[in-house]
*Asks:* 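This structure is in structure tokens; I'll ask about it shortly.
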Protein chains: 2
Amino acid sequence: MVGIKELAQKTGFSITTVSRALAEYSDVSAETRAFIRQTAREIGYQPNEVARQLRRQRSNTLGLIIPTYDHSFSEGFFSQLLHGIGDAAGDARYDVLISARSPGDDELEAYKRIVGGNRVDGIILARTRQHDPRIAYLKQVGHPFVVSGRTAPDEIPDFPYIDVDSQAGIYAVTQHLIAHGHRQIGLILPPPDVAYTDYRRRGYADALSDAGIAYQNEWVFSGDLRRSGGYQGMYHLLDHHPTLTAVVCSNDLMALGAMQAAQALGRIVGRDIAVVGFDDLFDAEYAHPPLTTVRQPIYEIGRRLVDLLIGIIQGHPPQETQILLPTELIVRESCGTHIGKGG
Amino acid sequence: MVGIKELAQKTGFSITTVSRALAEYSDVSAETRAFIRQTAREIGYQPNEVARQLRRQRSNTLGLIIPTYDHSFSEGFFSQLLHGIGDAAGDARYDVLISARSPGDDELEAYKRIVGGNRVDGIILARTRQHDPRIAYLKQVGHPFVVSGRTAPDEIPDFPYIDVDSQAGIYAVTQHLIAHGHRQIGLILPPPDVAYTDYRRRGYADALSDAGIAYQNEWVFSGDLRRSGGYQGMYHLLDHHPTLTAVVCSNDLMALGAMQAAQALGRIVGRDIAVVGFDDLFDAEYAHPPLTTVRQPIYEIGRRLVDLLIGIIQGHPPQETQILLPTELIVRESCGTHIGKGG
DNA sequence: AAAGTAATCCAAAACGTTTTGGGAGTCAAA
DNA sequence: TTTGACTCCCAAAACGTTTTGGATTACTTT
């Protein structure tokens with residue numbers, strides 16, 4: 001083990017001076033500094049980060065705890081978010097500590113261990129659920145954290161977050177369908193405990209209501225946010241309500257599954273039935289037919305979450321710590337905007 | 001700050017006894033242990049992980065350094081690998097430290113900081129390149145590590161790795177094309193510095209040679225492993241060699257791009273031209289047409305890398321530390337196996 | 001020559017744990 | 001009564017840094 005002690009011995013200076021030389025303090029002469037640095041390089045001295053973290057009481061590390069079961073992690077949204085987080089953290093010379101735990105008591109334990117154990121300077125929360133106990137814990141202990149996504153609409157979000165106005169997004173895409181003549185429009189939602197589920201439901205319901213169409217419970221299906229959920233949803237909806245001419249899906253993955261189900265049932269997507277999604281994953285553009293969807297800037301959100309968190313950690317948070325980004329309607333072919341137009 | 005000192009004070013026992021009580025040592029009475037644990041819970045004591053790591057000289061953390069520029073990270077292979085790594089690490093109660101750095105000198109610095117700085121007990125290397133300096137470094141310092149993928153065929157792989165026999169995989173899929181009548185078959189390769197490029201080239205070359213077909217340099221294109229690389233590759237190949245009836249792509253992402261290019265050029269994939277990939281990403285099955293490809297068990301590889309690494313860290317490595325997994329040919333529609341069969 | 005100032009350096013404390021190497025008490029066997 | 005074994009506990013060292021609070025020397029100014 002070549003530690004600072006060995007380096008001090010080798011150079012003939014004290015541990016203090018070595019430490020201060022490497023840290024560019026002004027009270028060590030340029031000559032000494034150069035000599036120490038040179039020697040450090042020669043003997044391959046590498047400071048022990050753990051000891052340093054202990055002494056400085058900071059780790060230059062951001063934490064991220066992800067649910068293990070979540071297969072949509074390796075597809076789509078989450079990996080793109082992580083990409084943004086990783087890049088921005090790297091740029092700011094922070095590392096990212098990932099702990100994968102299955103949800104439940106164990107999950108909160110992981111937070112306590114990592115946060116209470118001083119392993120990270122701040123933590124990023126994703127996949128918020130309704131009445132999320134993790135948020136309650138982090139607020140209570142007063143550790144820096146930021147959240148990807150708000151709480152559900154009936155909770156007060158008194159913490160820093162970045163979210164997308166998904167209610168407006170779903171409203172826009174639903175309205176687009178209505179404008180092109182659709183009247184019987186199904187909806188595939190995320191599981192009810194997901195925080196943003198109600199925003200998406202409201203966007204859909206508002207668009208219907210504004211067009212004088214009644215919201216019907218049986219046109220709404222709860223999926224699991226994966227392709228399979230969309231498949232099941234579309235299958236179920238078309239089975240019970242074959243007159244539906246459009247289905248709004250809460251994310252692209254489910255929309256892709258839904259398109260497949262529709263095709264399996266003999267309907268041609270974009271002609272017999274319109275399908276729209278949410279996210280604008282890479283796949284959306286290359287889907288067949290290309291998916292009409294609501295774009296949210298996932299990678300960018302990841303980057304901004306990191307900037308926001310680091311700002312908070314370093315004591316200079318931006319003015320706005322609750323950020324709601326707009327979405328953008330991306331019209332492609334899966335909504336077949338010609339249907340119902342009398343054409 | 002509520003540390004072990006406060007807990008000792010509160011319970012009236014020494015720091016030693018408190019520490020040993022929480023660690024289930026047998027030399028503290030059951031009664032004392034129960035009392036200490038109860039009090040710990042009450043005052044919300046959470047051991048400082050950093051101090052613990054310093055003292056024990058181990059972090060229960062695995063490291064993973066990823067290149068920032070790599071956009072295929074958020075699509076496809078890498079995120080699926082990470083998913084497997086995260087899950088297996090979580091199961092073994094290890095965390096994963098991710099450092100995203102742009103490649104170059106900086107990248108090796110990141111390794112030195114994390115490995116030499118004792119932040120991780122072991123490290124997982126991915127995206128190996130030819131004559132990879134990271135491998136040389138890790139071998140030299142003798143830190144536990146495992147590699148996803150071997151070195152190039154002309155280097156001696158004297159380290160633990162898990163790879164897939166991609167030469168055999170590409171051979172199989174190329175042979176499949178030949179068996180169905182194709183004679184003019186293009187190849188889209190990864191960039192030349194990628195470690196596995198030559199295996200894929202060889203698999204293709206061998207299949208051609210065994211069928212008495214000459215390997216032609218101008219039928220081979222180097223892509224960037226992303227959709228765009230496949231698109232460019234197919235465009236270039238069909239532009240210069242319009243008589244090609246099939247193109248083998250080194251990964252699914254490029255295959256998806258290649259299919260798009262073919263379609264843009266007015267060819268119907270699976271009828272006018274065969275396209276095959278490698279990986280069997282989720283998207284492959286849902287592509288249009290569904291992609292014929294060579295499956296490798298990416299998630300599983302991630303899991304096994306972790307098991308292997310932890311075995312090495314804990315001093316009981318398995319007998320086999322160099323694992324070559326078989327691939328599986330998945331025939332779908334993009335290879336249109338009816339072409340050229342005289343039908 | 002004394003006092004002040006600037007430039008270099010360093011011993012020791014501190015960060016919060018775990019582990020080492022016992023010590024004290026009790027009980028049973030010799 | 002001594003010895004040994006067993007149970008329960010603890011003081012202090014150790015992990016490898018950074019930081020505090022000076023100390024020493026050399027040079028300048030009075």
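Since the model is a prediction, treat every value here as computed from it, not as a measurement. All chains are named by letter (A, B, ...) in the order of the sequence lines, taking the proteins before the strands, and each is independently numbered beginning at 1.
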*Asks:* Measuring from the side chain of B/S29 (C-beta onward, heavy atoms only), which nucleotide among C/dC10, C/dT17, D/dC9 has the closest atom?
*Replies:* D/dC9
*Asks:* From the set C/dG16, D/dT18, D/dC10, return the single nucleotide nearest to any side-chain atom of A/I4.
*Replies:* D/dT18
*Asks:* Would you kindly give the CZ-to-P distance between B/R58 and C/dT19, to the nearest whole Å?
*Replies:* 8 Å
*Asks:* Between B/A30 and A/A23, just flag the one whose closest nucleotide in DNA chain D comes earlier from the 5' side.
*Replies:* B/A30
*Asks:* Determine whether a donor-acceptor pair (one donor, one acceptor, N or O, separation below 3.5 Å) exists between the side chain of B/S14 and the base of D/dA11.
*Replies:* no
*Asks:* Can you name the nearest heavy-atom pair linking B/V50 to A/N118, along with the distance?
*Replies:* CG2-O, 3.3 Å
*Asks:* So, under a plain 3.5 Å distance rule, would you say the side chain of A/D27 forms a donor-acceptor pair with the base of C/dC9?
*Replies:* yes
*Asks:* Respond yes when some side-chain nitrogen or oxygen of A/T32 is under 4.0 Å from OP1 or OP2 of C/dC9, and no when none is.
*Replies:* yes
*Asks:* Check this for me: does any side-chain nitrogen of one of B/R58 and B/D121 sit under 4.0 Å from a carboxylate oxygen of the other?
*Replies:* no
*Asks:* Round to the nearest Å and state the distance from B/R119 atom CZ to D/dT17 atom P.
*Replies:* 15 Å
*Asks:* For A/M1 and B/R33, find the nucleotide of DNA chain D closest to each by heavy atoms; which residue's nucleotide sits nearer the 5' end?
*Replies:* B/R33
*Asks:* Check the distance between C/dG22's C1' and B/R20's CZ and give it to me in whole angstrom.
*Replies:* 11 Å
*Asks:* Grab the CZ-P distance between A/R52 and D/dT17 for me, whole Å please.
*Replies:* 8 Å
*Asks:* For B/A51 and B/T16, take the nucleotide of DNA chain C holding the closest heavy atom to each; which residue's nucleotide lies nearer the 5' end?
*Replies:* B/A51
*Asks:* Report yes if a side-chain nitrogen or oxygen of B/Y25 is closer than 4.0 Å to either non-bridging phosphate oxygen (OP1 or OP2) of D/dT7; otherwise report no.
*Replies:* no
*Asks:* How many Å lie between CD on A/E49 and C1' on D/dT17, as a whole number?
*Replies:* 10 Å
*Asks:* Kindly give the heavy-atom pair with the smallest separation between A/L64 and A/L82, and that separation in Å.
*Replies:* CD2-CD1, 3.5 Å
*Asks:* Could you work out which one of C/dG16, D/dC10, D/dT19 sits closest to the side chain of A/Q57?
*Replies:* C/dG16
*Asks:* Rounded to the nearest angstrom, tell me the gap between atom CZ in A/F35 and atom P in C/dC9.
*Replies:* 12 Å
*Asks:* Can a salt bridge be assigned to the pair A/R127 and A/D132 using a cut-off of 4.0 Å between side-chain N and carboxylate O?
*Replies:* no
*Asks:* Nearest whole angstrom, please: distance from the P of C/dT20 to the CD1 of B/I15.
*Replies:* 17 Å
*Asks:* Examine the base of C/dT18 for any acceptor or donor lying under 3.5 Å from a partner atom in the side chain of B/R55, and report the outcome as yes or no.
*Replies:* yes
*Asks:* A/Q9 CD to D/dG16 P: how many Å, rounded?
*Replies:* 14 Å
*Asks:* Return the nearest nucleotide to the side chain of B/R56; candidates are C/dC9, C/dT19, D/dT20.
*Replies:* C/dT19
*Asks:* Salt bridge between B/D91 and A/R101, side-chain N to carboxylate O under 4.0 Å?
*Replies:* no
